[in-house]
Amino acid sequence: MHISNLSTLLNKFLTIKQLNQIHSLILINALNHLEPILVRQIIVSSGSFHQTHITKYVKLILNHMQHRDVSPLGYAIRFLCQHSQFQDAVVLYVQLQSSGVFPNTYSVSSSLKAYGKINYKVGGISVHAQVHKFGFDGVVYVQTALLDFYSKMGDIRTAHKVFDEMSGKNVVSWNCVLSGYVKYGDLDTARHVFDEMPERDIVSWNVMVSGYGRAGEMDRAYALFKEMSERSSSSWNVMIRGYIDCRKMELARGFFDAMPQRNSISCISMISGYSKCGDVESAEEIFDKEQEKDQLLYNAMIACYAQNGRPKKALQLFDEMLQPTLNIRPDKMTLASAVSACSQLGDLEFGSRIESYMSDVGIRMDDYLSTALIDMHAKSGSIDKAFELFHGLQKKDIVAYSAMILGCGINGRGNDAVKLFEEMMDSNVAPNLATITGILSAYNHAGLVEEGYRCFNSMQKYGLFPSVDHYAIMVDLLGKAGRLEEACELIKKMPVQPHSGVWGALLLACNLHNNLELGEIAAAKCFELEPDSTGYRSLLANIYAYSGRWDEAKRLREDIQESGINKVPGCSWT
DNA sequence: ATAGGGTTAG
């Protein structure tokens, strides 16, 4: 086929914005005869395709190229960076090197960005060495990319060294250094740089305001913000973000409402802020008002539902997002939240739908997503599957350990839970409240009172204070072992108000061991805290019946009949 | 082509 025909064909493909199997085959066959310049053009133009197809497409082209020319490769690397496929970008850069192709400035600066994003310092340093070798020292884009890389790695010394050696410093290079000090947390030096800069643009101001915001110094942030001669959406967004971080939602909302041009980022910040405060309704309000909903906005709202005990709504919205007309695809983050929702619902079926979806569209697993799946499988009883995923993790962090330990606990694998806990301590991962909940649940399941006590009492050693839920598990553990008075004493000593789960656990134990005296006390508290729940009444009725107090038992059961359907008491620690 | 603002797991 002739080149000009190919170009026509290509343009046609590009205008229909979709490629099926046959299109791809024709194209790939044709590509073997293409000039590198044309391949480059394809890669650049493929930006008009749907995002999930792009990387696949770029990879297809590259795999079928005969000419390993730097120009298309450099473009491809930059292209992958622009679409947040940093891992792929790095892989491509390594391929480029090993095939003996001379890198260009595009590939070098893009690969530096990619190494920065995936947090791989050694990779960036090796690029630095090559920069020297290939004589790109004087190229301002490469120098800036290097400077920014070291800044992002927190290596402010090397960053400064690169900065000092730069031939033509401009605002961007100054901004990179400034942002380096801000990231490093050295606000005084950052302010010094800010004051000494020969020229400041809006980015410099935004970086400085954001620095104060991140440090919680909102007064200073606001002072600078007021001083700005012009403001961009980011200027307002960093103020919003600062107020959200110190949980001042009203102030954040004030800035949100006052800003002249809200964008998707402003909305996402507000939604996640409301989400952290448990204010789902306000988050919904923001979400519903926004006309142009993008992927990240959906992600934020789905996460909000999943994090605030609305798993059904989370999955509803996830389904809505999948509507082909919307032209948005879920990504790892969406899936992590959706999996978390499935886990809360115990819905393995939806969960495995997600797993097959991942392999269909080629979403690679990461530790976040794995951890969500671990939790889901562990809670649904597939503890072996959970272990398999757990062993495949790149880095086992506190969340992964906690999910695994809790999973073992509720599946009756107390020994494994303890083993995991010890392994975790050995690898210097400090436990938090959720981990303790997991390990206590394991002891509870196995009926190991002394071990439970020891763990409960050791919490202070890690700077942790038992929450109501921890007390509830301890009460359950003591109660089931028949140590009812001890359980009662523990409740009395609680520094926080016990919720119905705590008294409910005691009531359950009183039912188990037929203790009327304490049962009445516990039941009274339960009725007070959850007047609508009939489950507690039937537990007390049982105790009365066992003790031969038939009248009281009968009276309670009639109460229950009247109030209608039997409700199960809430067990908040499960 | 280089800089600033956003979303994820127990």
Side-chain angles (χ1 to χ4, degrees), chain A residues 74-75 77-79 81-82 104-110 112-113 139-149 151-152 166 170-180 182-183 201-211 213-214 232-242 244 263-273 275 294-304 306-307 330-341 343-344 366-376 378-379 393 397-407 431-438:
Chain A
Y75 264 100
I77 294 171
R78 181 169 65 98
F79 184 81
C81 279
Q82 283 168 350
N104 57 9
T105 49
Y106 284 95
S107 47
V108 168
S109 48
S110 300
L112 278 169
K113 187 183 185 142
V139 183
V140 63
Y141 294 116
V142 175
Q143 288 173 317
T144 315
L146 268 174
L147 165 57
D148 191 45
F149 168 77
S151 281
K152 288 210 167 73
M166 274 181 86
N170 56 25
V171 203
V172 179
S173 12
W174 278 93
N175 285 344
C176 287
V177 176
L178 180 64
S179 144
V182 162
K183 283 224 167 66
D201 66 0
I202 195 155
V203 175
S204 335
W205 286 84
N206 289 345
V207 170
M208 203 59 229
V209 173
S210 132
R214 269 161 210 275
S232 61
S233 297
S234 321
S235 326
W236 291 85
N237 288 340
V238 293
M239 287 300 290
I240 291 176
R241 178 60 208 227
I244 287 175
N263 59 16
S264 148
I265 293 177
S266 338
C267 298
I268 290 164
S269 298
M270 288 305 291
I271 291 175
S272 80
S275 173
D294 63 5
Q295 185 200 47
L296 272 77
L297 197 69
Y298 268 97
N299 282 1
M301 197 60 226
I302 293 173
C304 174
Q307 286 290 299
D331 66 355
K332 288 173 196 181
M333 294 190 190
T334 332
L335 295 179
S337 295
V339 170
S340 156
S343 170
Q344 291 172 49
D366 69 352
D367 281 0
Y368 261 99
L369 195 44
S370 288
T371 308
L373 285 165
I374 287 171
D375 175 62
M376 185 184 78
K379 286 216 177 91
L393 288 175
D397 72 351
I398 183 71
V399 183
Y401 270 113
S402 303
M404 232 20 245
I405 289 171
L406 187 65
N432 61 20
L433 290 176
T435 332
I436 304 289
T437 303

For this session: Rounded to the nearest angstrom, tell me the gap between atom CD in A:Gln295 and atom P in B:dG6.
Result: 17 Å

Exercise. Going by atom types alone, do A:Thr144 and A:Ser173 pair a side-chain donor with an acceptor below 3.5 Å?
Worked result: no

For this session: Answer yes if the side chains of A:Asp331 and A:Thr334 hold a donor-acceptor pair under 3.5 Å, and no otherwise.
Result: yes

For this session: Output yes if the stacking criterion (under 5.5 Å between centres, under 30° between planes) is met for A:Tyr106 over the base of B:dA1, else no.
Result: yes

Seminar exercise, completed: Of the candidates B:dT2, B:dA9, B:dG6, the side chain of A:Ala372 sits closest to B:dA9

Exercise. What does A:Ser173 touch in the nucleic acid at a heavy-atom separation under 4.0 angstrom: a base, only the sugar-phosphate, or nothing?
Worked result: nothing

Exercise. Any N or O donor-acceptor pair linking the side chain of A:Ser264 to the base of B:dG6 at under 3.5 Å?
Worked result: yes

For this session: Indicate, with a heavy-atom threshold strictly under 4.0 Å, whether A:Asp201 touches base, sugar-phosphate, or nothing.
Result: base

Exercise. Per the atom types in the model, does the base of B:dG10 pair as donor or acceptor with the side chain of A:Thr437 at under 3.5 Å?
Worked result: no

For this session: Check every atom of B:dT8, B:dT2, B:dG10 against the side chain of A:Met333 and return the nucleotide holding the closest atom.
Result: B:dT8

Exercise. Rounded to whole angstrom units, what separation is found between the CZ atom of A:Phe149 and the P atom of B:dA1?
Worked result: 23 Å

Exercise. Do the side chain of A:Ser110 and the main chain of A:Ser107 share a donor and acceptor less than 3.5 angstrom apart?
Worked result: no

Exercise. Are A:Leu147 and A:Ser151 close enough that some pair of their side-chain heavy atoms sits under 4.5 Å apart?
Worked result: yes

For this session: Indicate, with a heavy-atom threshold strictly under 4.0 Å, whether A:Asp294 touches base, sugar-phosphate, or nothing.
Result: base

Exercise. Quick one: the side chain of A:Thr105 and the base of B:dA1, do they pair up donor-acceptor inside 3.5 Å?
Worked result: yes

For this session: Assess the side chains of A:Ser232 and A:Ser235: does a donor N or O sit below 3.5 Å from an acceptor N or O?
Result: yes

Exercise. What is the nucleic acid contact for A:Asp397, judged by heavy atoms within less than 4.0 Å: base, sugar-phosphate only, or nothing?
Worked result: base

For this session: Verify the distance criterion only: is there a donor paired with an acceptor across the side chains of A:Asn237 and A:Ser234 at less than 3.5 Å?
Result: no

For this session: Can you tell me the distance, in whole Å, between the CG atom of A:Asn175 and the P atom of B:dA3?
Result: 11 Å

For this session: Mind checking A:Ser370 for me? I need base, sugar-phosphate or nothing, with any heavy atom below 4.0 Å counting as a touch.
Result: nothing

Problem set entry | Integer-rounded Å distance: B:dT8 P and A:Asn299 CG | 9 Å

Exercise. Would you say the side chain of A:Asp397 lies within less than 4.5 Å of the side chain of A:Asp367, judging by non-hydrogen atoms?
Worked result: no

For this session: Assign A:Thr435 to base, sugar-phosphate, or nothing according to its heavy-atom contacts below 4.0 angstrom with the strands shown.
Result: base

Exercise. The side chain of A:Ser272 lies closest to which of these nucleotides: B:dG10, B:dT2, B:dT7?
Worked result: B:dT7

Exercise. Which nucleotide in the set B:dG6, B:dA9, B:dG4 lies at the smallest distance from any side-chain heavy atom of A:Val203?
Worked result: B:dG4

Seminar exercise, completed: Of the candidates B:dA9, B:dT7, B:dG4, the side chain of A:Leu296 sits closest to B:dT7

Problem set entry | Value in whole Å for how far the C1' atom of B:dG4 lies from CZ of A:Arg214 | 10 Å

For this session: Report the nucleotide, chosen from B:dG10, B:dT8, B:dA3, that has the shortest atom-to-atom distance to any side-chain atom of A:Ala303.
Result: B:dT8

Exercise. Out of B:dA9, B:dT2, B:dG4, which has the shortest distance to the side chain of A:Ser340?
Worked result: B:dA9

Problem set entry | Integer-rounded Å distance: B:dG5 C1' and A:Arg241 CZ | 9 Å

For this session: Could you work out which one of B:dT7, B:dT8, B:dT2 sits closest to the side chain of A:Ala336?
Result: B:dT8

For this session: Consider the side chain of A:Asp148, meaning its heavy atoms from C-beta on, and name the nucleotide among B:dA3, B:dG6, B:dG10 that approaches it most closely.
Result: B:dA3

Seminar exercise, completed: Of the listed B:dT8, B:dG10, B:dT2, the closest approach to the A:Val172 side chain comes from B:dT2

For this session: Compare the ring of A:Tyr368 with the six-membered ring in the base of B:dT8 and state whether they stack (centres under 5.5 Å, planes under 30°).
Result: yes

For this session: Provide, to the nearest angstrom, the distance between the CD1 atom belonging to A:Ile265 and the P atom belonging to B:dT7.
Result: 10 Å

Problem set entry | Nearest-Å distance for atom pair CG/P, residues A:Asn263 and B:dG5 | 13 Å

